[in-house]
Amino acid sequence: MSGDTPNELLVGQQIVVHIHDVAFGGDGVGKHGDFVVFVPFTAVGEEVEIEVSEVKKNFARGKPLRVIAPSPVRVTPECPYFGTCGGCQYQHLRYETQLELKRKQVADLFERIGKFPREVVQPVAGCPEPYHYRNRIMIRSQWNKPEQKLNIGYLRWDCGLVVDITHCPIAEPALNTEILRVRDNPPPKGGIKVVLRIPPDDWDVPRDSFFQNNFFLLPKLVESARVALMGSGANYLVDVYCGVGFFGISLGDVVKEFIGVELDKPAIKAARNNALRHNRLNGEFVLGEAQEMLPALLQRFPPQETSVILDPPRAGIPRSALQQLRDVRPKQVIYVSCHPATLARDLNVLCDGGVFELRSVTPLDMFPQTQHIECVADVRLGRVQVSEPSNHTPANS
């Protein structure tokens, strides 16, 4: 038997694989004969001894046991829990390599899912603080029966158990102090989740409302959206999934008027407070479901002068909302996403038939050491327009 067919791979078997790529999600990609094997915490070019942990019809997964031939880009992780904790995937790689890897992964997704040319994806903007950057973390607690103790920390990468931690090197120092406080005053029982957060300066953010987790790269994120908005020449902005008003308020000086919509009631209240705090008086914020409110909001301004900024949850935009944008055809759509696969999928729908054109995708490493990446896509109204008229009637006509 050659050992090169999937039926011959067994859970628990130890094999040697050569890593030729790193997939989106962080796993190295190797082969056992012609069979694909995914191995975390590895680098391109490495030869690794692994234990097979899962065998499917078309692929297998393995746990790394020993790096036989390490890559020159491999470095020593700063975190003692790396390789057990599921929070980080790339601490074993030099930071420059992480950025190159993420750019390739985003380009792969846009080529495969979005059917866009790879060249549309720009180099990744790196974070000035690759460690100690997270301003929000979630700590879990779980009773460790074999050791008769309460584990307080993050989920392991390979199972649903909690790994016990005393600190987190990617969290801001103030949060590490909070971790110790939680450990000194543990939850009364296991299974409790504790969210630790550093509030941003000059922004009102309710406890459960969204705000970006990296203050250090936040100016670059705003700059990327600002460059896109100014490049379009739009005079009006519709901020969909506006949260506490961050983008509308940050970009409001570029346009004559803006409006934001958000389903989170405390966030909308905070957005109105934030607008006053930042003296941004040329906009308003409305409470409601984005998909339901979008048609009316798009009626507020002339489409040929309007930019729509989207910052949805990881699941992306409902197809019906994408169709509404295709029907109204605003001058520009700026799509901010922390999930490039759903971003590529949604932009494929938006740009179908040339109704819109994707000008550029700017990835920003808001999540160093991890698989995650933020992207800002600049989408403009296409040069080729279908013949049927839009249903839009400008409010000021």
Side-chain angles (χ1 to χ4, degrees), residues 221-243 245-263 268 271-272 275 280-312 316-337 343 346-347 349-362 376-397:
L221 179 64
V222 174
E223 178 190 338
S224 299
R226 177 180 291 269
V227 167
L229 179 57
M230 294 181 69
S232 73
N235 291 317
Y236 304 97
L237 179 66
V238 178
D239 184 2
V240 187
Y241 308 98
C242 70
F246 178 73
F247 280 115
I249 292 168
S250 298
L251 304 176
D253 61 318
V254 178
V255 294
K256 295 178 181 177
E257 191 177 346
F258 71 91
I259 189 168
V261 60
E262 171 61 53
L263 184 61
I268 280 293
R272 292 165 181 160
R280 185 68 67 228
L281 306 180
N282 60 326
E284 65 174 296
F285 295 98
V286 296
L287 177 67
E289 173 67 49
Q291 186 176 348
E292 296 176 1
M293 299 286 288
L294 189 58
L297 295 181
L298 291 173
Q299 294 286 329
R300 294 283 296 267
F301 309 124
Q304 68 274 14
E305 298 182 58
T306 300
S307 176
V308 177
I309 187 164
L310 308 169
D311 187 10
I317 307 290
R319 182 175 281 263
S320 58
L322 294 172
Q323 186 58 50
Q324 290 168 2
L325 291 169
R326 286 172 57 85
D327 291 341
V328 175
R329 297 174 217 149
K331 186 181 184 71
Q332 179 187 46
V333 175
I334 301 172
Y335 194 142
V336 182
S337 172
L343 173 61
D346 289 352
L347 294 186
V349 174
L350 201 59
C351 297
D352 184 44
V355 175
F356 287 95
E357 296 177 354
L358 176 59
R359 295 289 184 89
S360 68
V361 178
T362 303
V376 177
D378 181 0
V379 181
R380 308 284 179 90
L381 190 63
R383 297 182 180 89
V384 179
Q385 291 297 298
V386 289
S387 58
E388 66 268 20
S390 166
N391 295 326
H392 175 85
T393 303
N396 57 355
S397 63

With sequence neighbours left out, the residues meeting ring-ring contact (aromatic ring centres under 6.0 Å, His included) with F285 are F258
Nearest heavy-atom contact between L251 and V222 is CD2-O, 4.1 Å
Exercise. Step by step, work out the salt bridge (charged side-chain N to carboxylate O under 4.0 Å, His left out) result for R329 and D327.
Key: CA-CA 6 Å; R329 297 174 217 149; D327 291 341; 6.0 Å; no
V379 vs C351 side-chain heavy atoms within contact, under 4.5 Å:
yes
CD of E289 to CD of E262, rounded to nearest 0.5 Å, is 9.5 Å
So side-chain hydrogen bond (donor to acceptor under 3.5 Å, both in side chains) across residues 251-260, not counting sequence neighbours, yields R226-D253
**Report entry** Worked verdict on I259 versus L237 for side chain to side chain contact (heavy atoms under 4.5 Å, CB included)
**Finding:** CA-CA 7 Å; I259 189 168; L237 179 66; over 6 Å; no
- Carefully, step by step, assess T306 and K331 under the rule side chain to side chain contact (heavy atoms under 4.5 Å, CB included). CA-CA 5 Å; T306 300; K331 186 181 184 71; 5.7 Å; no
Whether R380 side chain and E357 backbone form a donor-acceptor pair below 3.5 Å: no
Worksheet item: Do the side chain of N235 and the main chain of E305 share a donor and acceptor less than 3.5 angstrom apart?
Response: no
(Q) For a side chain to side chain contact (heavy atoms under 4.5 Å, CB included) check, start with the C-alpha distance between V361 and L358, then their side-chain angles and the critical distance, and finish with the verdict. (A) CA-CA 8 Å; V361 178; L358 176 59; 3.9 Å; yes
Look only at the side chain of D239 and the backbone of G260, and say whether a donor-acceptor pair between them is shorter than 3.5 Å. no
When every non-hydrogen atom of Y241 is compared with those of P318, the smallest separation belongs to OH-CD, 3.7 Å
Within-4.5 Å side-chain heavy-atom neighbours: V376 and L221 | yes
Shortest non-hydrogen pair, L347 vs A377, comes out as CD1-CB, 3.7 Å
Value for CD1 (I249) from SG (C242), rounded to nearest 0.5 Å, stands at 8.5 Å
In this structure, CD1 of I317 is separated from CD of Q323 (nearest 0.5 Å) by 14.0 Å
inquiry  = Determine whether a donor-acceptor pair (N or O, by modelled atom type, separation under 3.5 Å) exists between the side chain of R300 and the backbone of V238.
reply    = no
Under the criterion side chain to side chain contact (heavy atoms under 4.5 Å, CB included), I'd like the reasoning laid out for L310 against I334: C-alpha separation, chi angles, the key distance, then a yes or no. CA-CA 6 Å; L310 308 169; I334 301 172; over 6 Å; no
- prompt: Is the side chain of R326 donor-acceptor paired with the backbone N or O of L350 at a distance under 3.5 Å, no angle test?
  reply: yes
All heavy atoms of V255 vs all of A234, minimum pair found to be CG1-O, 3.8 Å
Here the pair of heavy atoms bringing A271 nearest to G243 is CB-O, 3.9 Å
Taken in chain and number order and not counting sequence neighbours, the residues that satisfy side chain to side chain donor-acceptor pair (under 3.5 Å) with S232 are Q332
The reported gap from CG in L229 to CD1 in I309 (rounded to nearest 0.5 angstrom) is 7.5 Å
Heavy-atom nearest pair, V286 first then I268, reads O-CD1, 3.2 Å
Distance col, row S320:OG vs E292:CD, nearest 0.5 angstrom, shows 10.0 Å
Checklist entry - Do the non-hydrogen side-chain atoms of Y236 and P303 ever get within less than 4.5 Å of each other? => result no
Taking the side chain as C-beta and beyond, is there a heavy-atom pair between L325 and P330 under 4.5 Å? yes
Any side-chain heavy-atom pair from D311 and F246 closer than 4.5 angstrom?
-> no
